[in-house]
Amino acid sequence: MLEEVERWLADRSWSAADRPLDQLLDRKRAAGTTVSVVLPALDEEATVGAIVEVVRRELIEGLPVPLVDELVVVDSGSADRTAEVAAKAGARVVHRDEILPRLPALPGKGEVLWRSLLATRGDIVCFVDADLRDFSAAFVSGIVGPLLTDPDVQFVKAMYDRPLGDTPGQGGRVTELVARPLLNLHWPQLAGFVQPLGGEYAVRRSLLERLPFPVGYGVELGLLVDALHTVGLDALAQVDVGVRLHRHQDGQALGRMAAAIYRTAQVRLSRGHLVRPQLTQFERGPEGFVPRTYPVDTEERPPMAGIEEYALRRVA
């Protein structure tokens with residue numbers, strides 16, 4: 001590990017307990033900083049309501065001054081009751097296609113996160129996946145904390161244990177097999193991130209609006225790499241928030257995620273032409289193995305700062 005990364009681990013890795021909630025409220029009040037929490041959601045009726053309820057109860061309604069000013073669920077086309085459950089729990093629900101309607105929406109998580117910048121106004125934007133179980137408010141307060149207390153920090157990732165079933169530490173298979181090797185080999189300054197692909201991170205809007213967003217599963221790696229090049233390692237940090245429990249994908253879904261992440265890294269390494277942005281996988285059928293070919297996400301959205309509607313909203 002680079003000496004720079006060893007120093008960064010000592011200086012920029014914290015626990016959620018390092019910053020008590022009353023300290024964060026004092027800093028937030030003094031600075032007048034606003035915080036938006038965004039949950040990208042697709043068919044998450046089983047979990048999204050509980051997450052919204054915890055954020056509202058512990059970070060909005062149960063405090064003398066709310067830590068969270070805006071709680072938004074962006075529904076990307078759920079076929080279940082995700083929007084209804086989220087709204088009933090107290091979130092403002094916005095459909096992906098209602099944001100920036102002049103641009104037809106592309107499928108993918110990154111598309112939802114990119115559009116959420118137009119649907120929110122907070123100085124700090126905190127993203128939280130909507131499939132978390134046994135959700136703790138520390139997932140939000142922990143990663144927002146350094147941004148409220150340290151003006152030099154601009155991007156904070158959550159770190160946590162990820163059990164796979166009853167086995168501790170075996171979740172995050174794409175991280176260990178794809179993302180971590182890529183980062184260590186090509187961006188060794190980022191080798192200290194425990195969960196580089198984690199969906200829980202908080203970022204200053206002033207940075208997010210300058211970054212391109214891969215529209216699919218590569219969004220977390222893309223934002224992290226581009227943030228490094230934009231503001232430098234010392235502006236990045238991570239906070240231990242405990243244990244992350246969520247729904248696990250099957251092996252073929254993980255393969256598609258891995259391909260998208262590799263593609264995102266490839267674009268950042270070469271910015272060149274992709275020869276064949278597709279992935280073929282195999283499923284056993286009645287007469288043997290059947291190939292299934294899927295497109296690999298190749299689209300990216302430009303920095304939000306260059307979108308006319310966003311610029312007009314800031315002037316208004």
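Keep in mind that what you see is a predicted model, and the values were worked out from it rather than measured.
Side-chain N or O atoms of E200 include one that pairs as donor or acceptor with a backbone N or O of D129 at under 3.5 Å. A donor-acceptor pair under 3.5 Å is absent between the side-chain atoms of S116 and the main chain of V38, judged by distance alone. Under the 3.5 Å distance criterion, the side-chain polar atoms of R115 are matched with a main-chain donor or acceptor of L100. A donor-acceptor pair under 3.5 Å is absent between the side-chain atoms of Q154 and the main chain of S206, judged by distance alone.
Residues R180 and E176 are paired through a salt bridge, judged by an N-O separation under 4.0 Å between the basic side chain and the carboxylate. Remark: K28 engages D69 in a salt bridge, criterion side-chain N to carboxylate O under 4.0 Å. Looking at E300 and R263, a side-chain N of the basic residue comes within less than 4.0 Å of a carboxylate O on the acidic one, giving a salt bridge. Under a 4.0 Å N-O distance rule, the pair E70/R92 qualifies as a salt bridge. In summary, R27 and D150 do not engage in a salt bridge, as defined by a charged side-chain N under 4.0 Å from a carboxylate O. Using a 4.0 Å cut-off between charged nitrogen and carboxylate oxygen, D226 and R268 count as a salt-bridge pair. Salt bridge status for D134 with R244: absent, with no side-chain N to carboxylate O gap under 4.0 Å. We find that R57 and E61 are not joined by a salt bridge, their nearest charged nitrogen and carboxylate oxygen being 4.0 Å or further apart.
If you chain together hydrophobic residues whose side chains sit under 4.5 Å apart, L177 and L224 fall into the same group.
Considering CD1 of I51 and CG of L132, their distance stands at 4.5 Å, rounded to 0.5 Å.
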- Walk me through it: do L183 and F193 pass the test side chain to side chain contact (heavy atoms under 4.5 Å, CB included)? CA-CA 9 Å; L183 292 176; F193 277 93; 5.7 Å; no
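Screening residues 188-199 for salt bridge (Lys or Arg N to Asp or Glu O under 4.0 Å) gives no qualifying pairs among residues at least two apart or on separate chains.
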